[in-house]
Q: 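Below is one structure. I have some questions about it.
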Amino acid sequence: MKDSMNIPNGNTSSPSYPCRSFLLIVKEKNEQAFQLAKDIKVWLEEKKLTATIIPAFLPEEQLIEQTGNHDLAIVLGGDGTILGVSRRMYKKPLPLIGINFGKVGFLADILPEKWQECFIKLLAGEYNIQNVTPLHFEHIRNNKIIHSGIAMNDVVVSRGAVAKSIFIKLAIDDIFITDLHCDGLICSSPLGTTAYTASAHGPLTFPTLDAHILTPISPFAGSFSPLVMPKESTIKIKCLEDRETFITVDGQDSHDVLMNDIICVKSAEHKISLLVSDTRWFWKRLRERGFILPGPGKYTVS
């Protein structure tokens with residue numbers, strides 16, 4: 001399997017050699033997922049392959065220690081687990097694939113009941129690699145970076161209380177764009193547009209695009225259409241008032257934002273590799289998960 005750093009432009013490619021060692025990352029407190037991981041480990045070892053089972057909540061340093069010893073990460077969990085694992089293994093990523101133990105399962109390619117059928121295809125090299133570009137953010141206070149990291153889906157600057165807006169200054173590539181009263185601002189990767197961005201009426205973008213997306217949340221007395229920017233662009237958000245404001249990463253990690261704090265967001269330097277059984281999976285999931293709904297009349301799904 002080609003290393004994700006060596007596959008340019010986010011293009012799809014097929015594994016160049018069979019996987020021999022698997023890292024099974026299991027959603028915490030999910031007995032069904034843990035039992036399936038044990039079944040998969042036995043099945044793989046019967047084929048003279050190796051597998052290691054670890055919990056999904058391992059600290060970043062321990063997770064990265066494990067990635068160096070394996071060819072492929074298999075995440076048994078929902079979309080949130082996949083996002084969290086991807087974000088924490090960014091410094092030393094493995095190609096990964098998900099087995100869905102969540103509610104939505106937009107990112108997970110394998111259904112638990114079909115795992116054996118899918119693994120036979122996986123070992124035969126019938127899966128493809130798609131590379132997605134996450135976001136990198138920096139939270140700056142008094143000219144010092146106090147938080148930084150990776151977001152697979154989105155970085156959101158938003159209010160902390162009901163019926164309270166925030167007041168922010170927005171610049172792109174050091175060009176002032178606007179001052180904005182709004183409920184918040186969503187900086188999204190292409191992979192993440194089906195999350196918060198979609199609910200804020202932002203665009204749906206194919207996950208392998210080299211871009212990032214900016215979508216305002218309920219702007220008041222001023223607005224702009226969602227923006228799709230090239231990966232080279234940098235978004236800079238400055239908090240202009242002392243209001244309860246937060247920066248939230250992938251809906252999982254949150255930090256307070258104070259007046260005059262600055263949030264910088266851009267595309268991350270490296271990509272994360274996802275294994276998919278069908279390179280058209282995104283279009284199918286949009287339809288299956290109700291992101292695109294038909295109008296009146298009869299339709300035939302082929």
Side-chain angles (χ1 to χ4, degrees), residues 83 87 132-207 209-269 291:
L83 293 174
R87 189 170 64 247
V132 299
T133 304
L135 301 174
H136 179 268
F137 74 92
E138 293 179 344
H139 181 185
I140 301 168
R141 180 175 298 160
N142 298 325
N143 296 317
K144 295 182 179 180
I145 298 173
I146 60 172
H147 300 108
S148 66
I150 296 297
M152 292 300 298
N153 264 2
D154 48 41
V155 175
V156 181
V157 180
S158 62
R159 64 188 187 181
V162 176
K164 294 287 186 179
S165 64
I166 61 174
F167 190 32
I168 57 176
K169 179 189 293 289
L170 171 66
I172 299 174
D173 296 335
D174 293 323
I175 300 296
F176 170 72
I177 301 298
T178 186
D179 289 340
L180 193 65
H181 266 115
C182 56
D183 285 355
L185 204 56
I186 306 169
C187 307
S188 174
S189 70
L191 181 70
T193 55
T194 53
Y196 201 173
T197 292
S199 66
H201 308 292
L204 298 173
T205 56
F206 196 79
L209 288 178
D210 278 331
H212 45 263
I213 300 90
L214 190 63
T215 306
I217 308 170
S218 302
F220 173 75
S223 180
F224 60 87
S225 298
L227 299 174
V228 179
M229 292 163 287
K231 67 175 183 178
E232 295 82 8
S233 290
T234 298
I235 301 164
K236 186 178 292 184
I237 303 162
K238 183 176 183 179
C239 187
L240 296 178
E241 290 186 350
D242 188 15
R243 300 188 180 193
E244 188 179 26
T245 305
F246 295 94
I247 174 175
T248 305
V249 180
D250 287 345
Q252 296 177 343
D253 297 336
S254 185
H255 307 285
D256 293 337
V257 177
L258 304 182
M259 183 176 176
N260 293 322
D261 281 6
I262 295 173
I263 312 299
C264 293
V265 185
K266 60 183 180 180
S267 292
E269 181 180 0
F291 285 92

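Numbers here are sequence positions counted from 1. Values in this document were obtained by computation on a predicted structure and should not be read as measured data.
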Q: So how far is it from I177 CD1 to L214 CG, rounded to the nearest 0.5 Å?
A: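 These two atoms lie 9.0 Å from each other.
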
Q: Less than 4.5 Å apart, side chain to side chain, heavy atoms only: is that true for E138 and H136?
A: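 Sidechains of H136 and E138: in contact.
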
Q: Going by the side-chain contact (heavy atoms from CB on, under 4.5 Å) test, name the single residue among L209, D154, T205 that passes it with T193.
A: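 In the set L209, D154, T205, the residue that makes a side-chain contact (heavy atoms from CB on, under 4.5 Å) with T193 is T205.
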
Q: If you take all heavy atoms of V132 and P207, which pair is closest and at what distance?
A: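 Looking at all heavy atoms of both residues, the closest pair is CG1-O, 3.5 Å.
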
Q: What are the two closest heavy atoms between S148 and I145, and how far apart are they?
A: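 Looking at all heavy atoms of both residues, the shortest contact is CB-CG2, 4.0 Å.
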
Q: Is the number of heavy atoms from other residues, nucleotides or ligands within 6.0 Å of CZ (F206) greater than 12?
A: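 More than 12 heavy atoms, drawn from other residues, nucleotides or ligands, come within 6.0 Å of this atom.
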
Q: Holding to ring-ring contact (aromatic ring centres under 6.0 Å, His included), I want the full list of residues that pass it with H147, two or more places apart in sequence or in another chain.
A: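 For H147, the residues satisfying ring-ring contact (aromatic ring centres under 6.0 Å, His included) (neighbours in sequence not counted) are H139, H255.
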
Q: Using side-chain heavy atoms (C-beta onward) and a distance below 4.5 Å, is I235 in contact with L170?
A: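 SC-SC contact between I235 and L170 confirmed.
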
Q: Just verifying a value: how many Å separate R141 CZ and L258 CG, rounded to the nearest 0.5 Å?
A: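 Atom-to-atom, R141:CZ and L258:CG are 3.5 Å apart.
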
Q: Do you know which two heavy atoms are closest between G251 and T248, and how far apart they sit?
A: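 Here G251 and T248 meet closest at CA-CG2, 3.7 Å.
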
Q: Can you find a heavy atom in the side chain of L240 that is under 4.5 Å from one in the side chain of D179?
A: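 L240 reaches D179 side chain to side chain.
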
Q: I need the minimum non-hydrogen distance between F246 and V257, along with the two atoms involved.
A: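 Reported closest heavy-atom pair: C-CG2, 3.8 Å.
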
Q: Over all heavy atoms of both residues, which pair between P190 and A211 is shortest? Give the atoms and the distance, please.
A: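 Distance-wise, the nearest heavy atoms are CD-O, 3.1 Å.
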
Q: Roughly how far apart are K164 NZ and E241 CD, rounded to 0.5 Å?
A: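 Rounded to the nearest 0.5 Å, the NZ-CD separation comes to 10.5 Å.
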
Q: If we only count heavy atoms from C-beta on, is the F224 to L180 side-chain gap below 4.5 Å?
A: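 Yes, at least one pair of side-chain atoms sits under 4.5 Å.
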
Q: Is there side-chain contact between C239 and I166, with at least one heavy-atom pair below 4.5 Å?
A: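 Not touching, per the 4.5 Å side-chain cut-off.
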
Q: Checking C264 against I140 for the side chain to side chain contact (heavy atoms under 4.5 Å, CB included) test, could you report, in this order, the C-alpha distance in whole Å, the side-chain angles of both residues, the deciding distance, and whether it holds?
A: CA-CA 8 Å; C264 293; I140 301 168; 4.1 Å; yes

Q: Kindly compute the distance separating OG (S233) from CG (L227), expressed to the nearest 0.5 Å.
A: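 Rounded to the nearest 0.5 Å, the OG-CG separation comes to 10.0 Å.
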
Q: Side chain of S199, backbone of T197: donor and acceptor closer than 3.5 Å?
A: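 Side chain of S199 to backbone of T197, a donor-acceptor pair under 3.5 Å: no, none is there.
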
Q: Taking NZ, NE, NH1 and NH2 as the nitrogens, is one of them in K238 or D261 under 4.0 Å from a carboxylate oxygen of the other?
A: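 No salt bridge links K238 with D261.
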
Q: Are H212 and S189 close enough that a side-chain donor and a side-chain acceptor fall under 3.5 Å?
A: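 The answer is no; no qualifying pair exists.
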
Q: Taking it one step at a time, do D250 and R87 satisfy salt bridge (charged side-chain N to carboxylate O under 4.0 Å, His left out)?
A: CA-CA 9 Å; D250 287 345; R87 189 170 64 247; 2.7 Å; yes

Q: Is any side-chain heavy atom of I168 less than 4.5 Å from a side-chain heavy atom of L185?
A: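 Yes; the side chains approach each other to less than 4.5 Å.
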
Q: Report yes or no: do D173 and T234 form a side-chain donor-acceptor pair below 3.5 Å?
A: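 Distance-only check fails for D173 and T234.
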
Q: For the residue pair D183 / S165, report whether a side-chain donor-acceptor contact shorter than 3.5 Å exists.
A: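 Distance-only check fails for S165 and D183.
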
Q: Check whether any side-chain heavy atom of T245 lies under 4.5 Å from a side-chain heavy atom of R159, and answer yes or no.
A: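 They are not in side-chain contact.
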
Q: About how many Å separate CG of N153 and CG of L135, when rounded to the nearest 0.5 Å?
A: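 So the CG of L135 and the CG of N153 are separated by 9.0 Å.
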
Q: Considering non-hydrogen atoms only, spot the tightest contact between A268 and T133 and give its length.
A: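 Result for this residue pair: O-CG2, 3.7 Å.
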
Q: Are I213 and P203 close enough that some pair of their side-chain heavy atoms sits under 4.5 Å apart?
A: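 A side-chain contact exists here, since the closest heavy-atom pair is under 4.5 Å.
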
Q: SG/C187 to CZ/F137 distance, rounded to the nearest 0.5 angstrom?
A: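 C187 atom SG to F137 atom CZ measures 11.0 Å (nearest 0.5 Å).
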
